[in-house]
There are 2 protein chains.
Amino acid sequence: MTSQDRLVAAAQELMWERGFAATSPRKILDRAEVGQGSMYHHFGSKEGLAAAAFERSAAETLARAEVILRSDEGDAASRVVGYLLVQREVLLGCPVGRMASDPDVLASDSLSTILRATFARVRTLLSEAIAAGVAAGELRDGDPADIADTVLAVVQGGYVLARAEGGAEPFNRAVRGAAALLRTRTDGGAGDRATR
Amino acid sequence: MTSQDRLVAAAQELMWERGFAATSPRKILDRAEVGQGSMYHHFGSKEGLAAAAFERSAAETLARAEVILRSDEGDAASRVVGYLLVQREVLLGCPVGRMASDPDVLASDSLSTILRATFARVRTLLSEAIAAGVAAGELRDGDPADIADTVLAVVQGGYVLARAEGGAEPFNRAVRGAAALLRTRTDGGAGDRATR
DNA sequence: GTCTATAACTCGATAGAC
DNA sequence: GTCTATCGAGTTATAGAC
């Protein structure tokens, strides 16, 4: 593993745990077991390293959403409900959504661009699946664009409630409630898949 | 206005805008136009002042929720939908929920206690209104405890999406979608009320 | 009760040896 | 390409005059 890779991996972990502003170069270097010179040589600044790390985390998160929402097994409703009910690292939060509450992230062009682009893509994936589910009569009627943001918001807000509470229960209640509201018919099981 | 009041008011504003960790005593003192000595005399520490400010903000937010959710005008469904659709300072975010993403807040006993207690109370208010709405057949059937967290999460997540996007649209879509999913019958208007 | 001065520390970034 | 030493600014908190 090269110094670059070690730095990016350490920055990903720390930014997921603590956000951008609260993650100092010092802590990244300690975890990566790399000297300060390497970081500034390869990435130029804290922001440069953070952008590389965030880009990778966002790509990973997006890929997980795509696997669920574009799956060719099961109907559209199950894919949408599956997105709500996937196993997540509830107490850590979403590595993407987490960045939205950091003023320094919104003030940075490179970081806020990744943030916007990632949410935009998940929104599109959700909209498509929801439109298909509504057309098939599996999901309650409604504007797919609205419902897509409702689903996104339930997940992101679930993280907020869980962190506030210090436990996963509020997250689980929130997604369970949303799944119940979305379905036209209440058939039992919903697909669970392991991911963050 | 006493020095204490000026300090608390300034801290409330800054913590709403930037959170706890990113709000330094220096910035609070500048905005309050008060010397450093006053702050440490009255509140002992940054955390002490922050707790006083957060307590006040949380009480204000809770009072607004109570006005909507315990109103005796309109049916229970309109109160729940009203809570979703109130006019809010979408780009600033929720002065309470904002704190949940700050690691320093969760590490502080006094601050995290206020956070947990406030969400718990809003959750109770929502649960009661939802249970009444379900019993009256105005809201879709479901576990009121689950739906209460769904509604809370839509609002908190809507803030996250709006901040990420830099505009209020994702928030508005999310709450509109949730309101549509909650109602058993789709009658037009929903109550709007001016508040944060 | 409020002020200024200053302590002890951490921040992000740079310099220059190797 | 990686290291250590150091810079200047900003952090929370304390000391002591008034």
Side-chain angles (χ1 to χ4, degrees), chain A residues 1-55 98-99 101-112 114, chain B residues 1-55 98-99 101-112 114:
Chain A
M1 213 182 191
T2 71
S3 277
Q4 281 106 312
D5 289 337
R6 302 172 63 78
L7 284 166
V8 169
Q12 279 186 273
E13 288 173 23
L14 283 163
M15 286 171 66
W16 193 6
E17 292 165 18
R18 313 244 323 144
F20 171 64
T23 297
S24 67
R26 191 73 280 239
K27 290 177 197 139
I28 300 174
L29 299 171
D30 285 351
R31 185 169 302 198
E33 291 178 295
V34 160
Q36 200 164 11
S38 299
M39 181 186 120
Y40 283 99
H41 175 76
H42 290 296
F43 298 99
S45 67
K46 172 190 175 180
E47 190 184 340
L49 171 54
F54 188 27
E55 201 137 26
R98 197 182 202 320
M99 300 290 115
S101 52
D102 193 325
D104 292 7
V105 169
L106 302 182
S108 152
D109 268 4
S110 55
L111 298 176
S112 64
I114 300 169
Chain B
M1 212 182 191
T2 71
S3 277
Q4 281 106 311
D5 289 338
R6 302 173 61 80
L7 284 166
V8 169
Q12 279 186 273
E13 288 173 24
L14 282 163
M15 287 171 64
W16 193 7
E17 291 165 18
R18 312 245 323 145
F20 172 62
T23 297
S24 66
R26 191 76 280 250
K27 289 179 198 136
I28 300 173
L29 298 172
D30 285 351
R31 185 168 302 198
E33 291 177 298
V34 160
Q36 200 164 10
S38 298
M39 182 187 119
Y40 284 99
H41 175 77
H42 290 296
F43 298 99
S45 67
K46 172 190 173 178
E47 190 183 339
L49 171 53
F54 188 28
E55 202 138 23
R98 197 183 202 318
M99 300 291 114
S101 52
D102 194 323
D104 293 7
V105 169
L106 302 182
S108 152
D109 269 3
S110 56
L111 298 177
S112 63
I114 299 169

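Throughout, a chain's letter reflects where its sequence line sits, starting with A, and its residues are numbered from 1.
- The side chain to side chain donor-acceptor pair (under 3.5 Å) search around A:Asp5 returns A:Thr2, not counting sequence neighbours.
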Please list every donor-acceptor pair under 3.5 Å in which a side-chain atom of residues 22-32 of chain B meets a protein atom from a residue at least two apart or in another chain.
{"from": "B:Thr23", "atom 1": "OG1", "to": "B:Leu14", "atom 2": "O", "distance (Å)": "3.4"}
{"from": "B:Thr23", "atom 1": "OG1", "to": "B:Gly19", "atom 2": "O", "distance (Å)": "2.6"}
{"from": "B:Ser24", "atom 1": "OG", "to": "B:Lys27", "atom 2": "N", "distance (Å)": "3.4"}
{"from": "B:Arg26", "atom 1": "NH2", "to": "B:Asp30", "atom 2": "OD1", "distance (Å)": "3.1"}
{"from": "B:Lys27", "atom 1": "NZ", "to": "B:Ala22", "atom 2": "O", "distance (Å)": "3.2"}
{"from": "B:Arg31", "atom 1": "NH1", "to": "B:Glu13", "atom 2": "OE1", "distance (Å)": "2.8"}
{"from": "B:Arg31", "atom 1": "NH1", "to": "B:Glu17", "atom 2": "OE2", "distance (Å)": "3.1"}
{"from": "B:Arg31", "atom 1": "NH2", "to": "B:Glu17", "atom 2": "OE1", "distance (Å)": "3.3"}

Protein-nucleotides 7-11 of chain C N/O pairs under 3.5 Å:
{"from": "C:dC11", "atom 1": "OP1", "to": "A:Ser24", "atom 2": "OG", "distance (Å)": "3.2"}

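- Straight-line distance from the CG atom of B:Leu49 to the P atom of C:dT2: 13 Å, rounded to whole Å.
- Here the CE-CG distance, from B:Met99 to B:Leu111, works out to 8.5 Å after rounding to the nearest 0.5 Å.
- Under the side chain to side chain donor-acceptor pair (under 3.5 Å) criterion, A:Ser38 pairs with no residue, sequence neighbours left out.
- Summary of the strand contacts: B:Thr2 and A:Gly44 both lie near DNA chain C, and taking for each the nucleotide with the nearest heavy atom, the more 5' one is attributed to B:Thr2.
- Residues satisfying the side chain to side chain donor-acceptor pair (under 3.5 Å) criterion with A:Glu55, sequence neighbours excluded, are absent altogether.
- Residues A:Lys46 and A:Phe20 form a side-chain contact, since some pair of their non-hydrogen atoms from C-beta on lies under 4.5 Å apart.
- Contact annotation: B:Ser3 does not reach the phosphate of C:dG1 (side-chain N/O to OP1 or OP2, under 4.0 Å).
- Residue A:Ile28 contributes atom CD1, which lies 11 Å from atom C1' of C:dG12 at whole-angstrom precision.
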Taking only N/O atoms, report every protein-nucleotides 4-6 of chain D pair under 3.5 Å with atom names and distance.
{"from": "D:dA5", "atom 1": "N6", "to": "A:Gln36", "atom 2": "OE1", "distance (Å)": "3.4"}

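- In terms of modelled atom types and a separation under 3.5 Å, the side chain of B:Ser108 and the main chain of B:Asp104 share no donor-acceptor contact.
- For the pair A:Leu29 CG and D:dT2 C1', the interatomic distance rounds to 12 Å; values are reported in whole Å.
- Taking atom OH of A:Tyr40 as the reference point, atom P of C:dA15 lies 13 Å away to the nearest angstrom.
- Taking atom CZ of residue B:Arg6 and atom C1' of nucleotide C:dG1, one finds them 15 Å apart after rounding to whole Å.
- If you take CZ of B:Arg18 and P of D:dG10, they are 14 Å apart, rounded to a whole angstrom.
- Contact check, A:His41 against D:dT2: no side-chain N or O comes under 4.0 Å of OP1 or OP2.
- Between A:Asp5 atom CG and D:dG1 atom P there is a gap of 14 Å when expressed in whole angstrom units.
- Rounded to the nearest 0.5 angstrom, A:Asp109 CG and A:Ile114 CD1 are separated by 11.0 Å.
- One finds the CZ atom of A:Arg98 at 8.5 Å from the CZ atom of A:Arg18 (value rounded to the nearest 0.5 Å).
- If you take CE of A:Met39 and P of C:dA13, they are 6 Å apart, rounded to a whole angstrom.
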